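What you see is a predicted model, and the numbers here were worked out from it, not measured in a lab. Every chain is numbered from 1, with letters handed out A, B, ... down the list of sequences.
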Amino acid sequence: GDSVTQMEGPVTLSEEAFLTINCTYTATGYPSLFWYVQYPGEGLQLLLKATKADDKGSNKGFEATYRKETTSFHLEKGSVQVSDSAVYFCALNFGNEKLTFGTGTRLTIIP
Amino acid sequence: SAVISQKPSRDICQRGTSLTIQCQVDSQVTMMFWYRQQPGQSLTLIATANQGSEATYESGFVIDKFPISRPNLTFSTLTVSNMSPEDSSIYLCSVATSGRSYNEQFFGPGTRLTVL
């Protein structure tokens, strides 16, 4: 079946550091890909998405590019802030069907 | 995006009892889903709530344990029956709409359940 493999956490970085959280997927066909973020004590929010190969999703300084060749959707940010501390989930789906999530990566940014 | 509310936001329940969680959306939506997030874990789909018919359950989840209703396009309930401590989780509903953003899902704030 479909699956998402995500970089193990936790990840701790200093403020203004460069962030990469790796995500690869296994699926039959070409799914839509998503990054969701869960801030402490809050629900899940959609951070960005890409629906076809070579699409780049971006939001709040975060970016991820849909790479069909490597079946990857790595999340990047050039300069992280303390407020970016959260749990990040990579996910995929087909159409408006269920989401398949990765295990989540807890990110902590220290001042 | 849709605005989604869930009730209750949290509850502490005794073993053997049942809890019904409500999910209300401010607009009509095509799809509604129920997910479970066990402590420190990722999200797992319990079932897809179908309007006017029985829910579609994922492997490992059964209707007797997690009965679901969806009487219309803006409301759904999930019941956690005969609870045990292993049911302690966050339960989230999500919705997807037709149209341009048809493949995006938006999540409610979740219901944090603790079973003693």
Participant: Once you round to the nearest 0.5 Å, how far does CG of L43(B) lie from CG of L44(A)?
Facilitator: 5.5 Å
Participant: Find out if a path of hydrophobic residues (ILVMFWY) with successive side-chain heavy-atom gaps under 4.5 Å connects V62(B) to I46(B).
Facilitator: no
Participant: Please check if V3(B) and L73(B) belong to a single hydrophobic cluster, counting links between Ile, Leu, Val, Met, Phe, Trp and Tyr side chain heavy atoms closer than 4.5 Å.
Facilitator: no
Participant: Sort Q6(B) into side chain, backbone, both or neither according to what part of it lies under 4.5 angstrom from a heavy atom of chain A.
Facilitator: neither
Participant: Given 3.5 Å as the limit, does a donor-acceptor pair link the side chain of Y36(A) with the main chain of F107(B), or not?
Facilitator: no
Participant: Checking heavy atoms, do the side chain of F101(A), its backbone, both or neither come under 4.5 Å from chain B?
Facilitator: both
Participant: Do L92(B) and L113(B) share a hydrophobic cluster, counting only Ile, Leu, Val, Met, Phe, Trp and Tyr and linking them when any side-chain heavy atoms are less than 4.5 Å apart?
Facilitator: no
Participant: For F89(A) and Q37(B), which heavy atoms make the closest approach, and how far apart are they?
Facilitator: CZ-NE2, 3.6 Å
Participant: More than 12 foreign heavy atoms under 6.0 Å from CD of E8(A): is that the case here?
Facilitator: no
Participant: Are F61(B) and Y91(B) joined in one hydrophobic group, where the rule is that I, L, V, M, F, W and Y side chains link up if heavy atoms are under 4.5 Å apart?
Facilitator: yes
Participant: Treating S42(B) as the side-chain partner and G102(A) as the backbone partner, does any N or O pair qualify as donor plus acceptor under 3.5 Å?
Facilitator: yes
Participant: If you count every heavy atom of other residues, nucleotides or ligands that lies below 6.0 Å from Y30(A) atom OH, does the total exceed 12?
Facilitator: no
Participant: Go through the steps to decide whether Q105(B) and N93(A) satisfy the test side chain to side chain contact (heavy atoms under 4.5 Å, CB included), and finish with yes or no.
Facilitator: CA-CA 10 Å; Q105(B) 286 186 28; N93(A) 76 356; 4.1 Å; yes
Participant: Please classify the contact of Q38(A) with chain B as side chain, backbone, both or neither, using a heavy-atom distance under 4.5 Å.
Facilitator: side chain
Participant: Could you tell me the separation between the NZ atom of K98(A) and the OH atom of Y35(B), rounded to the nearest 0.5 Å?
Facilitator: 8.0 Å
Participant: Under a 4.5 Å heavy-atom cut-off, does chain B meet the side chain of L46(A), its backbone, both or neither?
Facilitator: side chain
Participant: Do M7(A) and F73(A) share a hydrophobic cluster (ILVMFWY, side-chain heavy atoms under 4.5 Å, transitive)?
Facilitator: yes
